[in-house]
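Shown next, in structure tokens, is the structure this report addresses.
Just so it is clear, the model here is predicted, and its values are computed rather than measured.
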Amino acid sequence: MKSLAAELERAAGAYVLRGARAPAALLPAALAGLADTQGLADVDLAVEGGRLGAVAPAGTLQGGAGPVLAGRQVWPAFHDLHTHLDKTHTLARAPNDDGTLLGAVKAVMADHARWRPAELEARADFALRCAWAHGTASLRTHLDAAGPQARMAWDVMLGLRERWRHRVRVQMVAMAPMETYLGDGAEDFVRRVAETGGVLGGVTRVPGLAPPAARQRLGLALDALFDWAVRYGLDVDLHVDESCEPEADSLLEVARRTQARGLGGRVVCGHCCSLAVQEDETRERVLDACRDAGLAIVSLPLVNLFLQDRKAGRTPRLRGLPPLQEISARGIAVALSSDNCADAFHAYGDYDMLEVFREAVRNGHLDRHAGRWSASVTAIPAARMRQAGSGRLEPGEPADFVIFDARGIPQLLARPQSDRLVVRDGRLLAVSPPSFDELDAALARAGLE
């Protein structure tokens, strides 16, 4: 890859990548017939003025200098639809003592008292540097929107969004308790989200009430949330049914309200783990409602596999993944995302969307159609964030892509691909993931302010 990198560095504003392999699902529709059994197609890609020009069958673009890829894969830049940059890299000071979801919630709530602008900025900036180096072009982050740290965290992220807008486009979700949308200050809260270009969010549960009362209160809160979304023209992104409990069924309620208010294409539901343990008839009814409503579902494989069905001294019996194949087969948009990294919810992760894709393919048994599933980390999340670029390799799109030293999907997923080449606006990025020493130094500096 070093020689290929050198050729790209020497390339001027216009060049041709010859003999690339790319997911056919992300190419112009006219090239769909080129797909092989792995869902890949052999193509040439022309780059000019920071954008993609012609995308054609391999060997058909005439003229123009450029490197020969000899079957190496080219993917569009990644788009990460669900992260938590406010919590990232707090694990060392706020560990999850029992490893459960409730344990994570308690650890993070206690850690809120330690959040300060400088240290939060240092942690989130480190995360964005990792995502950028791995090939991510846009990222949506949920931010805890309750408690004394909420306003500070939102303001810090606004500053980071501005500073990073030419590298990683950041979108912010106000992750509020559902009761927020019923309170006296609801409109002020929603107005601030709207004025700062945010998204309305929350977790579809109301704690502290008996099940019948909680269900009724949740219904009222969802009605209010969706009414605010319509009034202010906002998108919605919710944490939904993040458990292995069959009775967790708020996804159906979200789907019904999405359809009733005509918000198809503007509502995302994260996790949806309970779909995997519901009766077939129940699941099919819920998926029909999601399809009809135009919902998107985002699965968080690293965190769901790490956190769900966890009990001390016992190997988990349930995977925690939603039924990805069934959701996709229903015609519902499915994205895959990073979620939490290096915090009480998930001890690992590095905002590497290839890692997310790899684990989803392996654990969700998506290997037979892995080429098609490439859209779950590129085109589908890009469409839901409505940021610049479609997440596809098509003429006129920004020349934002990643080159891997792998000819087929098995080779791609066999290794971390740490030698990948990341290209933005047609130019090679000379950037590597930052070291943890850099994070430690940044946090030390933040602690002195």
Side-chain angles (χ1 to χ4, degrees), residues 82-84 87-111 203-205 207 239-251 269-280 282-283 286-287 297-328 334-370 373 376-377 409-410 412-416:
H82 185 127
T83 69
H84 292 267
K87 302 177 179 69
T88 194
H89 293 288
T90 56
L91 179 69
R93 72 191 194 200
N96 186 343
D97 290 336
D98 64 6
T100 65
L101 177 59
L102 180 59
V105 171
K106 290 179 178 178
V108 168
M109 289 181 67
D111 191 59
V203 180
T204 58
R205 65 172 182 264
H239 288 58
V240 179
D241 300 339
E242 188 180 358
S243 76
C244 292
E245 300 169 355
E247 60 271 20
D249 60 355
S250 61
L251 180 58
C269 293
H271 298 288
C272 305
C273 306
S274 66
L275 283 172
V277 292
Q278 290 173 344
E279 296 290 335
D280 290 348
T282 299
R283 183 185 65 247
V286 173
L287 292 183
I297 290 176
V298 55
S299 175
L300 302 313
L302 302 182
V303 175
N304 291 158
L305 289 165
F306 179 78
L307 211 53
Q308 295 297 317
D309 197 29
R310 179 186 282 263
K311 293 180 177 63
R314 169 185 172 275
T315 303
R317 308 296 193 262
L318 304 175
R319 294 185 173 196
L321 287 178
L324 296 171
Q325 296 184 52
E326 291 85 346
I327 296 169
S328 179
V334 186
L336 304 168
S337 291
S338 295
D339 205 6
N340 299 74
C341 291
D343 63 25
F345 289 86
H346 183 224
Y348 315 111
D350 198 40
Y351 300 95
D352 181 358
M353 291 297 284
L354 182 64
E355 179 191 15
V356 174
F357 181 76
R358 180 191 303 117
E359 294 310 307
V361 169
R362 289 174 173 173
N363 289 283
H365 296 175
L366 310 180
D367 47 294
R368 298 293 298 275
H369 303 285
W373 277 92
S376 65
V377 292
I409 297 293
L412 178 72
L413 302 185
R415 293 179 176 175

Minimum heavy-atom distance [X]-[Y], with the two atoms named:
| X | Y | value |
| --- | --- | --- |
| Glu242 | Cys273 | CA-SG, 4.3 Å |
| Asn96 | Ala104 | ND2-N, 3.3 Å |
| Cys341 | Thr88 | O-OG1, 3.2 Å |
| Val303 | Ser338 | CG2-O, 4.0 Å |

Q.
For a side-chain contact (heavy atoms from CB on, under 4.5 Å) check, start with the C-alpha distance between Leu305 and Arg319, then their side-chain angles and the critical distance, and finish with the verdict.
A. CA-CA 6 Å; Leu305 289 165; Arg319 294 185 173 196; 4.0 Å; yes

So for atom [atom1], which belongs to [X], do other residues, nucleotides or ligands contribute more than 12 heavy atoms lying within a distance under 6.0 Å?
| X | atom1 | result |
| --- | --- | --- |
| Arg362 | CZ | yes |
| Arg205 | CZ | no |
| Arg368 | CZ | no |

For Phe306 and Tyr348, take the angle between the two ring planes, folded into 0 to 90°, and tell me which bin it lands in: parallel under 30, tilted 30 to 60, perpendicular over 60.
perpendicular

- Measure the acute angle between the ring planes of Phe345 and His84, then classify it against the limits of 30° and 60° as parallel, tilted or perpendicular. parallel

Atom pair [atom1] ([X]) and [atom2] ([Y]), whose distance is rounded to the nearest 0.5 Å:
| X | Y | atom1 | atom2 | answer |
| --- | --- | --- | --- | --- |
| Leu101 | Lys106 | CG | NZ | 11.0 Å |
| Leu336 | Leu366 | CG | CG | 7.5 Å |
| His369 | Asp367 | NE2 | CG | 9.0 Å |
| Asp111 | Met109 | CG | CE | 12.0 Å |
| Leu102 | Ser243 | CG | OG | 12.5 Å |
| His271 | Leu300 | NE2 | CG | 4.5 Å |

**Asked** Where do Arg310 and Asp98 land on the salt bridge (charged side-chain N to carboxylate O under 4.0 Å, His left out) test, with the steps shown first?
**Response** CA-CA 9 Å; Arg310 179 186 282 263; Asp98 64 6; over 6 Å; no

What I'd like to find out is whether the side chain of [X] reaches to under 4.5 Å of the side chain of [Y], using heavy atoms alone.
| X | Y | value |
| --- | --- | --- |
| Leu321 | Pro301 | yes |
| Arg358 | Val361 | no |
| Leu324 | His365 | no |

- Message: If only side-chain N and O atoms count, and only distance matters, is there a donor-acceptor pair under 3.5 Å linking Asp343 with Thr90?
- Response: no

